[in-house]
There are 2 protein chains.
Amino acid sequence: MSADNLRPNQPVTIYDVAAAAGVSYSTVSRVLNGFEFVKESTRVKVMDAAERLGYVANLQARGLAGGRSNIIGLLVPVLDNSYVSEVMMGIDEALARAGFNLMLFTTHRHAGKEQQYASTIASMTDGLILLVPLESPIYLNAIRERNYPHVLVDQTDESGASASVSGTNWHGAYEATQHLIMLGHRRIGVITGLLELSSARERLNGYRAALQDYAIPIDESLIVEGDYLQPRGYEAAQELLKLRERPSAIFAMNDLSALGAMDAIRESGLSIPEDISLVGFDDIPQAAITHPKLTTVRQPLVQMGRIAVRLLLEQLDHPGSPPGHETLATQLVIRASSQPPR
Amino acid sequence: MSADNLRPNQPVTIYDVAAAAGVSYSTVSRVLNGFEFVKESTRVKVMDAAERLGYVANLQARGLAGGRSNIIGLLVPVLDNSYVSEVMMGIDEALARAGFNLMLFTTHRHAGKEQQYASTIASMTDGLILLVPLESPIYLNAIRERNYPHVLVDQTDESGASASVSGTNWHGAYEATQHLIMLGHRRIGVITGLLELSSARERLNGYRAALQDYAIPIDESLIVEGDYLQPRGYEAAQELLKLRERPSAIFAMNDLSALGAMDAIRESGLSIPEDISLVGFDDIPQAAITHPKLTTVRQPLVQMGRIAVRLLLEQLDHPGSPPGHETLATQLVIRASSQPPR
DNA sequence: AGGCGTTTTGCAAGCGCTTGCAAAATGTGC
DNA sequence: GCACATTTTGCAAGCGCTTGCAAAACGCCT
């Protein structure tokens with residue numbers, strides 16, 4: 001559909017559009033930015049010209065000049081992680097709908113340079129979504145200092161200064177544990193996330209609360225600290241299996257750990273769920289393709305991403321307003337990896 | 001003149017550095033860009049000042065002024081796809097090492113606006129990596145017109161005008177088919193990718209060649225077109241299972257399709273590999289966690305990402321030179337999903 | 001028709017950086 | 001010590017856009 005006019009090489013600028021529409025460049029800018037005091041007839045003229053010339057805004061220039069670059073940044077720790085991918089999907093989708101672009105930053109390889117990295121990010125984006133459990137404090141300092149719009153995903157923010165989205169960690173873990181208890185399990189091993197993370201602590205508390213409510217004594221040797229990654233889940237499960245009094249069920253506090261645990265259990269000659277029940281957390285896509293399919297606590301990951309975007313855009317649109325916080329309900333998804341103990 | 005305008009945001013500019021180092025701003029710019037004709041002593045002075053003030057380049061400004069923005073774009077079709085994630089990992093890693101940032105663009109939701117989308121991308125990045133099998137022709141037109149540096153991943157470029165990385169599709173498919181034949185299979189069903197994609201056609205040709213080499217007649221009803229996605233893999237497998245003369249093995253031309261096929265096979269009451277052998281392509285991480293583990297053709301996805309970056313940077317550094325093309329060896333990984341037919 | 005309050009519009013001044021060009025500094029040969 | 005070739009450096013002019021300010025148009029009143 002691109003028409004007959006022009007220089008395929010040199011991009012069309014607002015000056016070109018202005019000339020074509022017979023108005024000044026600032027008027028074009030105003031039309032393009034939806035400024036209110038523009039006569040309808042000139043608005044139409046400008047839009048037509050822009051359309052006709054195939055004008056596309058140069059976001060770098062826009063950003064430099066102090067307007068919005070319409071780019072938001074996403075800081076993630078790793079990429080080969082379904083949890084991350086799912087949240088990213090939601091973010092991307094919501095961003096696309098709002099007309100924003102996405103710039104992706106990974107934390108690794110920037111150790112010791114977080115401040116500068118944060119500055120770079122801030123110089124290029126209108127806001128930032130942090131999906132970075134561990135390093136987040138360092139980045140947060142740099143970012144809060146500048147009063148830069150941002151949202152935390154899956155992290156509780158003690159100070160309340162940052163907007164955030166997360167799941168009902170405590171409740172999800174409570175339900176998962178309760179599920180195993182109701183099935184008849186009494187020795188329930190647990191593989192946590194890094195306990196520096198609020199989500200990991202909350203889930204662990206949920207686990208403890210459930211045991212207490214059902215008057216099951218808590219055996220600290222059944223609690224093994226993991227890191228939400230598969231290899232550590234594998235090791236942690238091995239530790240649990242080595243206990244003199246082996247657990248009849250394991251609650252891995254995220255699915256990736258559960259995947260690792262699954263390997264370890266199978267490798268030790270035991271079978272799931274006959275010998276050991278296994279429950280995860282997150283409900284990443286893989287949870288449904290393992291054999292047996294994994295019972296888990298679903299977090300609405302995609303939606304978390306969408307909401308993160310909403311919270312961020314709210315900050316951009318209303319600079320003064322207090323940062324929003326959303327907590328989304330988790331849901332126990334019972335599949336084949338859990339059943340009553342023998 | 002520059003001293004007093006302070007916004008809390010990013011006070012340090014090259015002007016500040018210049019003042020602190022007692023040189024002109026253009027000298028600072030030259031030092032920062034590694035320009036050769038700068039006296040060593042001033043270079044040191046400037047670097048010191050920059051370091052001391054915590055200077056961080058504003059990439060938007062740099063980009064606008066015609067320099068490199070040090071941002072490269074990555075265009076992907078979807079995010080919740082291990083294939084994509086793996087390649088992205090390699091890209092991110094190589095980019096980080098080279099000091100580049102990554103801007104992520106997704107194709108969906110931009111139907112009909114590809115030209116403009118391409119312009120936007122071009123206005124913000126130094127180069128583009130396309131991981132977009134289907135829509136790629138549309139984008140390619142827009143991009144080649146501007147003679148914009150870019151690389152195709154996993155697509156053969158007929159015209160040779162675009163740099164590209166891909167795996168040995170033909171050979172990988174040949175080996176996979178040969179593997180099944182050697183096991184004794186004669187009726188080997190196949191689930192292809194969309195045949196508009198060069199990779200899908202090449203793989204199919206490899207399959208055909210293997211059958212021919214072993215003098216096995218080709219039964220077109222055993223060839224079902226898929227789309228490289230899981231749901232379609234599921235359906236395609238169902239079709240194959242419904243044939244009067246059921247295949248004893250299925251070669252899904254990517255792992256995602258194989259995952260779908262696995263579901264379909266299991267659902268129909270048959271078991272893998274006893275009743276039906278299954279082979280995939282790609283070796284995404286999931287292939288190793290299914291039960292049984294999937295025999296597949298490994299593509300060095302992460303490395304493909306790294307090489308894509310290398311090819312792109314070569315173009316940036318040597319604007320004149322012809323686009324590079326790399327083909328990486330695939331490797332048959334035999335796991336548990338394939339065995340001799342009953 | 002003249003006056004006044006409101007819209008609309010245009011101009012100029014940057015945002016932080018790169019770069020061509022010319023001036024300044026340095027070095028060389030005699 | 002001088003003329004000239006060679007580094008180094010600084011200045012100015014943008015890159016494409018936003019925005020404060022003031023001028024121009026317009027509307028409506030008397």
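Note that the coordinates shown come from a computational prediction; the quantities given were computed from them, not determined experimentally. Reminder, nothing fancy here: chain letters follow the sequence lines and each chain counts from 1.
Partners of B:N81 according to the side-chain contact (heavy atoms from CB on, under 4.5 Å) rule, which considers only residues two or more places apart in sequence or in another chain, are B:V78, B:Y83, B:V84, B:L229, B:L256. For B:Q116, there are no side-chain hydrogen bond (donor to acceptor under 3.5 Å, both in side chains) partners, not counting sequence neighbours. Legend: residues meeting side-chain contact (heavy atoms from CB on, under 4.5 Å) with A:R144, ordered by chain and number and at least two apart, are A:L140, A:H150, A:D157, A:S159, A:A161, A:S162. Partners of A:N33 according to the side-chain contact (heavy atoms from CB on, under 4.5 Å) rule, which considers only residues two or more places apart in sequence or in another chain, are A:S29, A:R62. Among residues two or more places apart in sequence or in another chain, the side-chain hydrogen bond (donor to acceptor under 3.5 Å, both in side chains) test is passed with A:E40 by A:R43. In this structure A:F100 satisfies the ring-ring contact (aromatic ring centres under 6.0 Å, His included) test with no other residue, sequence neighbours excluded. Residues satisfying the side-chain hydrogen bond (donor to acceptor under 3.5 Å, both in side chains) criterion with A:N70, sequence neighbours excluded, are absent altogether. Not counting sequence neighbours, the partners of A:S85 by the side-chain contact (heavy atoms from CB on, under 4.5 Å) test are B:S85. A:F35 meets the ring-ring contact (aromatic ring centres under 6.0 Å, His included) test with no other residue; sequence neighbours excluded.
Put simply, CG on B:L64 is 17 Å from P on C:dG14, counting in whole angstrom units. Atom-to-atom, CD1 of B:I71 to P of C:dC17 comes out at 14 Å; the value is rounded to the nearest Å. Here the P atom of nucleotide C:dT8 and the NZ atom of A:K45 are 13 Å apart, to the nearest Å. Separating the CZ atom of A:R62 from the C1' atom of D:dT19 is a distance of 14 Å, rounded to the nearest angstrom. In this structure, CG of B:N58 is placed 7 Å from P of C:dG16, rounded to the nearest angstrom. One interatomic measurement links the two molecules: OH of B:Y15 to P of C:dG16, which rounds to 9 Å at whole-angstrom precision. Whole-Å rounding puts the A:I14 CD1 to C:dT9 C1' distance at 14 Å. Rounded to whole Å, the distance from CG on B:L59 to C1' on C:dG16 is 11 Å.
Less than 4.0 Å separates DNA chain C from at least one heavy atom of each of the following residues of residues 33-44 of chain B: B:N33.
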Detail all sub-3.5 Å separations between protein N/O atoms and N/O atoms belonging to nucleotides 10-12 of chain D.
from   : atom 1 : to    : atom 2 : distance (Å)
D:dG10 : OP2    : B:S24 : N      : 2.7
D:dG10 : OP2    : B:S24 : OG     : 3.0
D:dG10 : OP2    : B:T27 : OG1    : 2.7
D:dG10 : N7     : B:R30 : NH1    : 3.2
D:dG10 : O6     : B:R30 : NH2    : 2.5
D:dC11 : N4     : B:S26 : OG     : 2.9
D:dA12 : N7     : B:Y25 : OH     : 2.5
D:dA12 : N6     : B:Y25 : OH     : 3.0

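Looking at A:Y139 and A:L128, their side chains never come closer than 4.5 Å, going by heavy atoms from C-beta outward.
At the phosphate of C:dC17, OP1 or OP2 sits under 4.0 Å from a side-chain N or O atom of B:Y55.
Judged purely by distance below 3.5 Å, without hydrogens or angles, the side chains of A:T125 and A:Y148 pair a donor atom with an acceptor atom.
Taking the C1' atoms of five terminal pairs at each end of the helix from C:dA1-D:dT30 to C:dC30-D:dG1, the two resulting helix axes are inclined by 40°, rounded to 10°.
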